[in-house]
Amino acid sequence: MAEEAKAKGNAAFSTGDYTAAVKHFTNAISLSPTNHVLFSNRSAAHASLHNYADALQDAKKTVELKPDWSKGYSRLGAAHLGLHQIQDAISAYKKGLEIDPNNEGLKSGLADAQAAGSRSRAAPPPSPFGDAFSGPEMWAKLTADPSTRMYLQQPDFVKMMQEIQKNPNNLNLYLKDQRVMQALGVLLNAKFREPNAGDDMEIPEGTSTPQQPAPERKEEEKVEEEKVVEPEPMEETEEKEAKERKAQAVKEKELGNAAYKKKEFEKAIEHYTKAMELDDEDISYLTNRAAVYLEMGKNADCIEDCDKAVERGRELRSDFKMVARALTRKGTALAKMARCSKDYEQAIETFQKALTEHRNPDTLKKLNDAEKAKKDLEQQEYFDPKLAEEEREKGNEYFKQQKYPEAVKHYTESLRRNPKDPKAYSNRAACYTKLGALPEGLKDAEKCIELDPTFSKGYTRKGAVQFFMKEYDKALETYQEGLKHDPHNQDLLDGVRRCVEQLNKASRGDLTPEELKERQAKAMQDPEIQNILSDPVMRQVLVDFQENPKAAQEHMKNPMVMSKIQKLVHAGIVQMR
């Protein structure tokens, strides 16, 4: 039951229904509270819902239950990272890598955590000037003040103020420009004195004081202007060159795309590489080159480019869809490299990480395919007929000792080792019957017959379950079907006799009122009985039995009608006198 709840949780997680996944994993944990995988899975579901505190609690439990399992530390690192506990996340990933040094998921998580730490350390300090340079209010203040209004007609001043508005720390570059200082005073509601100037800062342009001749001050102003304006051509040139490089990079990308479509992979790689050299702020060049490597079967090179794209994308805060694309391509490469079920774990984890960035149907399909391939390989790797036989024999010993739960456990393990063994299904069906788990017993008996239709034990088990469920007519059919393959089987013959005895009791009217009531109630739940009673022809036949005996006799000559009447008699619905 815990495995069933786990499977439901995995299915819900794959479809993006993380709330349902948490519910199913919680049910599974209540049934198997020491299963570390269940806590790991629930931690992942909590993290997908951004419930990082709950994810952390489950991750810690995972590590506690299984300290040598690397994935537990991956969950722990992801939860710490979600709570912005950077150093704890880094420590968790490093601990996991001590256990499994080649784990790509842990390496990727560690890189993400270290990048987050770098970003937090590199965060610029708050501006000492507050909001003085923010929004349209800056320009409104400069326009309203007479002392700065004229500067707004000067392009170099406007450009400087735009640079300062973009990053207030750029103010340090223009402190020598008196226009900037004047503007700063207006924005901060303060007045700044010019170096070597008089006390009165409101002196109109064109006037002078006796202590400072006008011509000399004009010369100073001219020198200052030249100092400020001088770098401008350099900045414009650099900006122009940067734009040209980006444009050339786009052209190289287009050439690479064209070469890729023609399957000229080497040329495509050359163009994408050139684009990367021209512009390292667009990770699409990396992801495109990764796609070429993937097509060429160079999976290791593809993974390397995808890792670089993810790392660079985090630094640049690129579109999450681009990061998801890189992770999906990495997962595809990892899946292609997989040689055993364990190898698929990295691919599955990478696909899941891609889906947290962007839920793409193609990525979801790749995830489902990888999980199915992993499951199939696990079954192949676990297949061992010899061990299956040993487990079945252990189950037989416990069955003889009437320790049916223990017997079920060994029969189940036997079927995991060899899921095509009809004997193990037959034996487990017998155990379930003894335990009163009749639906499970019926399911195993039917599987036994499906695997080997000539195996008489399968019919014996199925008939016994149906007999205990008081479905005597169905049990009779099962026993009769078994006798077609083994006509002298005593267990099947005894089963037929017991069913006939029970059915004849109804025909003779020998059932007690309680038995009759119980049998009728059970029959009314049978779809076949419901169909017979809802058939207009059969309803008329039943009316004729009560009101027109001669017509009823004619009806009984019809084999189909006779068969249906017999079923109603066996069910206790109709009684013959």
Side-chain angles (χ1 to χ4, degrees), residues 379 383-507 519 522-523 526-529 559 563 566-567 569-571:
Q379 201 169 54
F383 181 79
D384 190 329
K386 184 178 179 181
L387 288 177
E389 185 70 21
E390 292 175 4
E391 289 293 330
R392 186 162 61 81
E393 289 300 326
K394 290 178 183 177
N396 292 343
E397 290 299 319
Y398 279 113
F399 187 89
K400 292 175 184 176
Q401 299 171 31
Q402 298 183 3
K403 296 181 179 179
Y404 303 120
E406 290 84 352
V408 166
K409 178 180 176 182
H410 287 288
Y411 290 141
T412 301
E413 179 62 20
S414 175
L415 287 168
R416 289 184 64 203
R417 292 289 184 181
N418 183 9
K420 301 295 185 181
D421 181 10
K423 293 180 181 179
Y425 278 109
S426 171
N427 292 4
R428 193 169 69 173
C431 277
Y432 281 138
T433 305
K434 293 289 187 181
L435 290 168
L438 300 181
E440 289 82 358
L442 182 62
K443 183 178 178 181
D444 273 3
E446 288 175 341
K447 185 66 176 179
C448 172
I449 294 171
E450 177 191 327
L451 291 171
D452 186 358
T454 65
F455 186 49
S456 58
K457 279 286 187 182
Y459 298 98
T460 304
R461 305 301 188 202
K462 182 178 178 181
V465 173
Q466 291 169 326
F467 188 89
F468 283 120
M469 296 172 76
K470 298 185 179 180
E471 296 176 348
Y472 303 120
D473 53 339
K474 292 183 180 179
L476 180 60
E477 290 178 3
T478 298
Y479 287 131
Q480 290 173 336
E481 185 66 26
L483 287 170
K484 292 178 182 178
H485 302 286
D486 189 358
H488 304 293
N489 186 287
Q490 193 59 47
D491 290 335
L492 293 172
L493 291 170
D494 289 343
V496 169
R497 178 181 52 78
R498 289 194 302 270
C499 290
V500 170
E501 287 177 357
Q502 290 296 326
L503 292 171
N504 285 340
K505 283 179 69 176
S507 300
R519 186 171 293 191
K522 190 169 187 65
D526 188 333
E528 187 177 6
I529 298 296
S563 174
Q566 196 65 41
K567 287 184 182 295
V569 171
H570 293 161

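Since the structure is predicted, the reported quantities are computational estimates derived from the model, not experimental observations. The chain is numbered in sequence order, starting from 1.
For N489 against L483, the heavy-atom pair with the smallest separation is O-CD2, 4.1 Å. Of all non-hydrogen atoms in V465 and L442, the two that sit nearest each other are CG1-CB, 3.8 Å. Nearest heavy-atom pair, P422 versus C448, reported as atom, atom and distance to 0.1 Å: O-SG, 3.4 Å. Closest approach of F399 to A407, counting heavy atoms only: N-CB, 3.9 Å. Scanning all heavy atoms of the two residues, the minimum distance from A424 to L415 falls at CB-CD2, 3.5 Å.
To the nearest 0.5 Å, atoms OG (S414) and NZ (K409) are separated by 14.0 Å. For the atom pair SG (C431) and NE2 (H410), the distance works out to 11.0 Å, reported to the nearest 0.5 Å. Interatomic distance, CD of E471 versus CG of L438, reported as 9.5 Å (0.5 Å rounding). One distance of note links CG of L492 with NZ of K484; it measures 12.5 Å at 0.5 Å rounding. To the nearest 0.5 Å, the span separating CD on E389 from CG on D384 amounts to 11.5 Å. Between the OG atom of S426 and the CG atom of L451 there is a distance of 11.0 Å, given to the nearest 0.5 Å.
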Report task. Any chance you could lay out the salt bridge (Lys or Arg N to Asp or Glu O under 4.0 Å) test for K386 and E390, step after step, and finish with the verdict? Result -> CA-CA 6 Å; K386 184 178 179 181; E390 292 175 4; 5.1 Å; no
Query raised in the report: Could you walk me through whether D491 and K457 pass the side-chain contact (heavy atoms from CB on, under 4.5 Å) check?
Result: CA-CA 9 Å; D491 290 335; K457 279 286 187 182; 4.2 Å; yes
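By the side chain to side chain donor-acceptor pair (under 3.5 Å) test, Q379 pairs with no residue at all, sequence neighbours left out. Scored by the side chain to side chain contact (heavy atoms under 4.5 Å, CB included) test, Q490 finds L493, D494 as partners (sequence neighbours excluded). Partners of E440 under the side chain to side chain donor-acceptor pair (under 3.5 Å) rule, at least two apart in sequence or in another chain, do not exist in this structure. Qualifying side chain to side chain contact (heavy atoms under 4.5 Å, CB included) partners for N396, counting only residues two or more places apart in sequence or in other chains: R392, E393, Y411, N427.
Formation of a donor-acceptor pair under 3.5 Å by the T412 side chain with backbone atoms of V408 is found in this model. Within the 3.5 Å criterion, the main-chain N or O of K462 finds no donor-acceptor partner in the side chain of Y479. Formation of a donor-acceptor pair under 3.5 Å by the T433 side chain with backbone atoms of A429 is found in this model.
Considering only heavy atoms from C-beta on, N418 comes within 4.5 Å of D421 through its side chain.
A ring-ring contact (aromatic ring centres under 6.0 Å, His included) check over residues 427-469, counting only residues at least two apart or in different chains, returns the pairs Y459-H485, F467-Y472. Among pairs with a residue in residues 423-437, those fulfilling salt bridge (Lys or Arg N to Asp or Glu O under 4.0 Å) read R428-D444, at least two apart in sequence or across chains.
Under a 4.0 Å N-O distance rule, the pair R417/E413 qualifies as a salt bridge. A salt bridge does not link E397 to K394: none of the charged side-chain nitrogens sits closer than 4.0 Å to a carboxylate oxygen. Between E450 and K447 there is a salt bridge, with a side-chain nitrogen of the basic residue lying less than 4.0 Å from a carboxylate oxygen of the acidic one.
A donor-acceptor pair shorter than 3.5 Å can be found between the side chains of Q466 and T478.
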